[in-house]
Amino acid sequence: MAKSRQRYSVQDPSLSPTNTRTREDDQSRWTEYLGPDMTSPVAARNTRNTGHDGQNPISVGSLKGLNVQWVYQLIEVAEGLMAKIYRLNQILDYPDPVAHVFSEAFWKAGVFPNHPRICILLSKKFPEHFSKLQLERVDKIALDAINDSAELYIQSLEPWVQLLLDLMAFREQALRLILDISSTVITLLPHQNSVILHAFMDLFCSFVRVNLFAHKLPRKMMLQIYNLLHAMTRNDRDCDFYHRLVQFIDSYDPPLKGLQEDLNFVSPRIGEVLEAVGPIIFLSTDTRKLRNEGFLSPYHPRYPDILTNSAHPMRAQDLANVTSYREWVLLGYLVCPDELLRVTSIDIALVVLKENLILSLFRDEFIHLHEDYQLYVLPRVLESKKMAKSGRTKQKEADLEYSVAKQVEKMISEIQEQAIVSCGAIHHERRIFLKQEIGRMVIFFTDQPSLLAPNIQMVYSALALAQSEVTWYFQHVGIASSKSKAARIIPVDIDPSDPTIGFLIDGMDRLCCLVRKYISAIRGYALSYLSSCAGRFRFLLGTPGMVALDLDSTLKDLFQQIVLHLESIPKPQGENISTLTRDLSDFRKDWLSVLMIVTSSRSSINIRHLEKATVSTGKEGLLSEGNAAYNWSRCVDELESQLSKHGSLKKLYFYHQHLTAVFRNTMFGPEGRPQHCCAWLGIASSFPECASPIVPEEVTRIGRDAVLYVESLIESIMGGLEGLINILDSEGGFGALEIQLLPEQAASFLNYASRASIPLTKSPKGAAGFPLPGYESYPENNGSIKMLEAAMQRLTNLCSVLNDMEPICVLNHVFVLREYMRECILGNFRRRLLAVIKTENDLQRPSVLESLIRRHIGIIHLAEQHISMDLTQGMRDVLLAEACSGPVSSLHSFEKPAEQQTGSAAEAVCNWYIENIIKDTSGAGILFAPVHKCFKSTRPVGGYFADSVTDARELQAFVRIFGGYGVDKLERMLKEHTAALLNCIDTSLRSNREVLESVASSLHSGDRIERDASIRQIVDMETIIGFCIQAGLALAFDQNLAEAAGIVLEDSAPLIYSLLSGFVKHIPDSLPERKDIRRMREVANGVAVISDHDSQWIRSILEDVGGANDGSWALLPYLFASFMTSNIWNSTAFNVDTGGFNNNIHCLARCITAVIAGSEYVRLDREHEQRQPFPNGHAGGTLNSAEAETLSSVEASIKSTMQLFVKLAAGIILDSWSEANRSYLVPQLIFLDQLCEVSPYLPRNSLEPYVPYAILRSIYSQYYANSPGPLALLSPSPHYSPVVSLSHGSPAPRQPRGDSTPQHGSSDLSYFKGSMMHGQSSVYDHDSGSSRSIETKHRNARRSGPLDYSSSRKAKYVEGSTSGSSGPSPLPRFAVSRSGPLAYKQM
């Protein structure tokens, strides 16, 4: 077969170069594969490897130089052919042409006609001609369809049939060139002729790979279908190349048999090469020797003080090529099996086969190595064994040959099982060794960068070995090997969480960074070496041996040119090293020409002559000096390409899915290092280099995949970063360090500690089960502390590495890790904030929420120390956005936009308070406790009782978290809710106006029957009472919120708080108020520095919604007075412990006071605005005396209205009383007493004209006498229980304005001294003082009971009236009566 193929190739003028066809014609065929660079006289690859431009006038040198260039061009052609095959395989969905298995996507790809029966039949019957197969009987319809669309099918198949022709032409030209080099080059040893050896073996391996890879194409079907289509369109004529392609495809079916026959003529040379590289392969597998003798150590292994290691310079350099040597062995013995019968070959093959399961062909395509050895190598070995056995009596060497063949047979039969078991462990041990060596190398060269340049070849070796191991790992992930003896698949044990991969990738990246950092120093060192080499060259050329050689003019000129190149190199001096560079391609071109001449069998002066002539000098021979200079010259102008060759991991693109999986398994594992992430990301920058120019769409596809890979890794890295932060932020992290004992736990612990001392041998736990101080220092408890330390170290390391990492460039995409990290940290902070707001049951307590947020902020501040960005400002932006996500500018003005978005966090918290506290949608029985100034519930609201989320401490925490914007949001929602309730009151007033007028007339006339009848006609009274109670709850909650905001403001910004407090004291007493004054009043009211909070709040709501704008609001006192006839009083009971009623009816008192006062303010404001000459409402100049009295008239009007309500309500209560029905009398009387206490516009003794305080005092006395004492909710002890009744026993007249001074008798000084220590609107504020201040109040108060009043305790009101004298009040004062309720009836 081999002879016939050679004979065919000679007779084929279109494919084989003959005397009439030049090599330039051959090169023109491959223009598509080579591109403009490779087809030019100076090829890019040739420049990197040979430096020959083909223009040297020297005949022999020119010929040989072109030969080497043609070698590199054919290697590039092989790459292009395999890229096309790879692309076609992708299009056809990776068919199996041997088993004739084709997927659905294969037929839909549009390459072949979608008629499987005919296509598969033609493929199976290859090489039979289609005319002999009677296709019309197989599928007549399909045949007709193919005939109808034959032209279209030809167009789709033509480019791929051209690929078959290119494969056939490549085979002929590559075989001819391999034979030419094999027959003319006299030596192919690594240490003598490494450049030409590598070129020859690269071409050899490329030739084998192309033909093995082409076997994965459906070549038979392609040729048969194309010929059928050609015959249909060309009058049944076969295509011109049909028979030649049939012979080519048939000769390579299977491909290994054809390769073994084609390459039989170069088998001995291949055997010599493989024997020559055997020692380097043995060395690379002996990790102990590599470590002990320091082949990869820049310092001497046994003498670390010696900072240079020149023991094995050549071996260390050869280790950089050991990956290529292993591939030579695997491919060489596969296609040249006779060379395995050499005595030394079996050991070389055994070492390499034992650590590999697959043979890589192209990218991620491979063949199963051991199966092919058993199918195609073992039969040849058995044949040699049989021949040796039959010729035992004829040849003396037969016994040795038989023995070797038997050993090879045993080795091939058993090596697969050994490889499956041991290859993973072998490579894992090698990865550990390289991890240690590269780690030491990085540390050493970082500390001693001046030694990097002399050891650059050692760095290349370390990079190449690590590159090989990392590539091997990913090539074997998911590989399953089938054993020939047992028909089963055995998976290869590859650990996806092996941390050594990360260490190797990181070590390679750091080594490459060091080389790039000191690239100028390495170039300078190489130039210095080449400068010194010039003198040695001239000396060697002048030795007697060289003079005695009869060098022809060609060699003389070349040597002279080489010396001139070396002598013209500038010597690096001082500061010009960094800018020093030089193109040494001409030097390498001339040296390669010398090598081609002296290694050619046609030359009279060969390499052996030069060695003998120069080695006797005792120095390096001429060839050794030239080869060393050749290698160092590449460190001057090709350093980047060298670094890319040995240190690039671009091939991992084809395993990027496995790459991502291994990264996720190892990055944050127990042995992983977060700082390795930079190296994993940096790999993607080289992925686009894998794209072949033959397939233009690959650039886009690979670039897209590279970007997705980087994004996937960044997502994993940021997920790990979030995980580290969340670990520290968990209850098992910093949360465990914040555990605090409750007071009762601390008391129990102190009692136990005081009773007995704890010996050292005892457990660090106390009797009560609480840990003692220092318990975390015990060995059994320090695991969590170590976990925290490890997480903190990983977090800081990761932040530092990501902060310092250079941007990653993938095509036109730039990834800046610092920005991703910032977005990750702040995004996690936002998600954490939203997550901790709600617990499993319901809302998180604001105080707990604040502590969790502060803990998370502390962790971010820890990370911020290692990041060159301001994360604090980012966290502020997050908190601001979650408090209010609308435009910030809109928050600085009281003009509220129509659709202003709100922050989700503040929205969630505010909605919870409105729904669960104000509206009580869960039905938890929310009650406002005036004594404690918080809300309580009969059962938990979600996970907590109401008082644990509404007391002063919790509201202050809410203010600190969400700031003023959060307070504004909650207050705005409260106002919206209250505005809806006020609208209901307005609707009720309008709808019941006539009835209320009838009620008013009957009340004034004293007609009880008409009054009762009219009151019963009021529509939905119970509903209106419920709305008013809800409004009172909202008023109470808003006042608590304002007080909390004031406390936080005073702590955080005392100057602003002082400014507002001072402003309140100097507000002008004029109506209407200017807009700026009104705005400042609202701000001051929002922080509780205005005494009359409720009325001002209702006033602002009514002004915003335009309420209280008609005469029906004048009937408010009569509507509220009619509430006294409601059935709600039947179920009302007073609670001493809370100071309120069981159904929140006490909130009705706040609502009545605030609504009456607010509506009066709004009414008089509008009346004054209507009289105002200026349309903008601004007063012109100083107000006159009539205008100044307006504010006093407002307060007088409010007072008169309130007194009217008290009079009417008391009358209704007392008129409705009877012996048979008096259960509601006591709650109603207490309600009116609390109304007088809450209202800043009524003196405390306003009720006395209608209900003697002796009755009220006895009522309170009975309550407190029957009370068992304060419950657990009360902070003072039972000894101080009268504090609750102190307010009831202190009917002081209210002083709503700071400029009106009460006039008291001298006998009342002690009383007012005690009572005025409370705020005017905070009588029950138990948080405003300590128990000592409460006790002082008791000592200053009268001891006669809760309501011990006398006639002397009447004080003047603001306008000068007292409870016992007449004044400008619109209502007459009634004399104080001591006769009880009858006095009211007489009046």
Side-chain angles (χ1 to χ4, degrees), residues 502 505-506 509-510 513 649 652-653 656-657 659-669 672-688 702-729 791-835 856-882 885:
I505 293 176
D506 179 67
D509 181 69
R510 295 173 69 183
C513 288
L649 292 172
L652 296 186
Y653 159 73
H656 63 271
Q657 294 179 346
L659 201 66
T660 306
V662 173
F663 170 81
R664 289 174 177 168
N665 284 325
T666 59
M667 176 67 177
F668 295 99
R673 296 292 185 274
Q675 55 267 33
H676 293 170
C677 63
C678 299
W680 288 86
L681 288 168
I683 298 174
S685 300
S686 60
F687 284 173
I702 293 178
R704 183 184 66 249
D705 292 343
V707 170
L708 293 176
Y709 165 80
V710 173
E711 291 176 347
S712 175
L713 255 62
I714 290 177
E715 181 182 354
S716 299
I717 293 169
M718 297 308 149
L721 178 63
E722 289 184 12
L724 290 172
I725 293 176
N726 293 338
I727 286 174
L728 294 175
D729 194 26
M792 287 176 59
Q793 184 178 6
R794 288 197 175 195
L795 175 63
T796 54
N797 287 345
L798 181 61
C799 291
S800 178
V801 169
L802 294 179
N803 180 69
D804 297 337
M805 185 177 181
E806 294 295 326
I808 300 171
C809 301
V810 180
L811 296 181
N812 57 344
H813 293 74
V814 180
F815 300 90
V816 182
L817 269 295
R818 282 192 297 273
E819 296 300 326
Y820 280 93
M821 182 169 52
R822 182 179 186 276
E823 293 301 320
C824 167
I825 292 175
L826 296 182
N828 183 57
F829 176 64
R830 176 181 284 107
R831 289 188 293 273
R832 183 68 175 167
L833 173 63
L834 296 176
H856 196 94
I857 290 175
I859 296 171
I860 295 179
H861 283 161
L862 175 67
E864 189 179 20
Q865 299 175 7
H866 304 272
I867 303 174
S868 57
M869 289 184 296
D870 186 6
L871 295 180
T872 302
Q873 184 61 39
M875 288 187 291
R876 290 173 179 167
D877 294 340
V878 170
L879 290 173
L880 176 63
E882 292 306 322
S885 60

Pair Leu795, Ile859 - check side chain to side chain contact (heavy atoms under 4.5 Å, CB included), show working. CA-CA 10 Å; Leu795 175 63; Ile859 296 171; 4.0 Å; yes

To the closest 0.5 Å, what do you measure between CE (Met869) and CG (Leu826)?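 Atom-to-atom, Met869:CE and Leu826:CG are 8.5 Å apart.
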
Rounded to the nearest 0.5 Å, what separation is found between the CD1 atom of Ile727 and the CE atom of Met792? 13.0 Å

Minimum heavy-atom separation for [X] to [Y], with atom names?
X      : Y      : result
Leu649 : Ser686 : C-OG, 4.2 Å
Leu798 : Cys677 : CD1-SG, 3.8 Å
Pro688 : Ala684 : CD-O, 3.5 Å

Is the backbone of [Y] close enough, under 3.5 Å, to the side chain of [X] for a donor and an acceptor to pair up by distance?
X      : Y      : value
His656 : Tyr653 : yes
Asp506 : Gly502 : no
Asn726 : Asp729 : no

Before giving the answer on side chain to side chain contact (heavy atoms under 4.5 Å, CB included), spell out for Met875 and Ile825 the whole-Å C-alpha distance, their side-chain angles and the decisive distance to 0.1 Å. CA-CA 9 Å; Met875 288 187 291; Ile825 292 175; over 6 Å; no

Is Glu722 paired with Arg832 through a side-chain N to carboxylate O contact shorter than 4.0 Å?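 No, no charged N to carboxylate O under 4.0 Å.
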
Contacts of Tyr709 meeting ring-ring contact (aromatic ring centres under 6.0 Å, His included) (sequence neighbours excluded), chain-then-number -> Phe687

For side chain to side chain contact (heavy atoms under 4.5 Å, CB included), just list the numbers for Leu802 and Ile867, CA-CA rounded to whole Å, side-chain angles, deciding distance to a tenth of an Å, and then say yes or no. CA-CA 8 Å; Leu802 294 179; Ile867 303 174; over 6 Å; no

Which donor-acceptor pairs under 3.5 Å do side chains of residues 808-822 form with protein atoms, sequence neighbours excluded?
residue, atom, partner, partner atom, Å
Arg818, NH1, Asn803, O, 2.7

Please tell me if the side chains of [X] and [Y] come closer than 4.5 Å, counting only heavy atoms from C-beta onward.
X      : Y      : value
Thr872 : Ile860 : no
Ile505 : His676 : no
Asn828 : His856 : yes
Leu862 : Cys799 : no

Cut-off 3.5 Å, no hydrogens considered: what does the side-chain donor-acceptor table look like for residues 711-718, sequence neighbours left out?
residue, atom, partner, partner atom, Å
Ser712, OG, Arg664, NH2, 2.8
Ser716, OG, Arg664, NE, 2.8
Ser716, OG, Ser712, O, 3.2

Might you work through the side chain to side chain contact (heavy atoms under 4.5 Å, CB included) test for Asp509 and Trp680, ending with a clear yes or no? CA-CA 9 Å; Asp509 181 69; Trp680 288 86; over 6 Å; no

